[in-house]
Amino acid sequence: MEYKIGEVSKILNISKEMIRYYEKQGILKPSRKEDNNYRTYSVMDVFLLMEIIRYQSIHFGIKDISELLNEHYLENYAQHLYQYYQEIDQDIIKKILLKERVKELAERIETCKFNLGKYWVKNVPAYQLVFLTNGKGDDYDKLQISIENRNLLFSKERMVYV
């Protein structure tokens with residue numbers, strides 16, 4: 001059975017433009033009718049499109065999909081999945097850390113009205129401290145941020161909590 005682009009678009013709930021894009025990228029190769037040069041899609045083309053949609057749902061790029069379908073299928077697929085697994089794992093770690101810090105900040109805000117005009121002391125390990133400047137009262141010296149501390153404070157890889 002053969003399908004027109006509009007039929008495939010409706011079956012898979014994707015735009016005709018997206019189907020044409022896959023064709024331009026060389027991932028999909030529909031046949032053409034000789035009399036009018038219209039694209040026709042076989043059942044296997046529809047299955048291939050379903051597979052492409054599945055790959056995109058797990059963050060494969062178009063180039064990755066093309067490589068995957070054309071060469072070293074199992075190696076590329078496993079490698080991409082493992083890499084994506086690691087990215088998800090890192091995101092989870094960052095989200096858990098952010099969740100803990102947001103909770104701690106919310107708890108501090110709830111109790112800050114009881115600490116106005118008083119000292120607020122919290123014991124933290126020395127490795128978590130970053131020296132910025134000396135000060136007395138509301139008077140502070142010039143900020144002194146080393147390159148190492150600047151990289152630590154403004155890193156996109158870490159979430160610094162001040």
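All of these numbers come straight from a predicted model, not from anything done at the bench.
Tracing side-chain contacts under 4.5 Å through hydrophobic residues (I, L, V, M, F, W, Y), one reaches F47 starting from L28; they form part of the same cluster. Put simply, L49 and Y38 are part of two different groups of oily side chains (I, L, V, M, F, W, Y) that touch within less than 4.5 Å, one to the next. Residues I145 and Y140 do not share a hydrophobic cluster, defined by chaining ILVMFWY side chains whose heavy atoms lie under 4.5 Å apart.
The side-chain heavy atoms of R20 and R39, taken from C-beta on, include a pair separated by under 4.5 Å. Here the side chains of I52 and F60 are not in contact, with every heavy-atom distance at 4.5 Å or above. A heavy-atom distance below 4.5 Å is found between the side chains of S9 and I19. Residues T40 and Y3 are not in side-chain contact: their nearest non-hydrogen atoms beyond the backbone lie 4.5 Å or more apart. Residues K142 and T133 are not in side-chain contact: their nearest non-hydrogen atoms beyond the backbone lie 4.5 Å or more apart. Annotation: side chain of D45 is not in contact with side chain of V8 (no heavy-atom distance under 4.5 Å).
Atom CD of Q86 is surrounded by more than 12 heavy atoms from other residues, nucleotides or ligands within 6.0 Å. More than 12 heavy atoms of other shown residues, nucleotides or ligands fall within 6.0 angstrom of atom OH in Y84.
Between atom CD of residue E100 and atom CG of residue L98 there is a gap of 10.0 Å, rounded to the nearest 0.5 Å. The line from NZ of K10 to CD1 of I5 is 12.5 Å long, rounded to the nearest 0.5 Å. One distance of note links CG of N13 with CD1 of I53; it measures 8.5 Å at 0.5 Å rounding.
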>> Set out, in order, the CA-CA distance, both residues' side-chain angles and the distance that settles salt bridge (Lys or Arg N to Asp or Glu O under 4.0 Å) for K16 and E23, then state yes or no.
In response: CA-CA 11 Å; K16 295 175 190 177; E23 183 181 352; over 6 Å; no
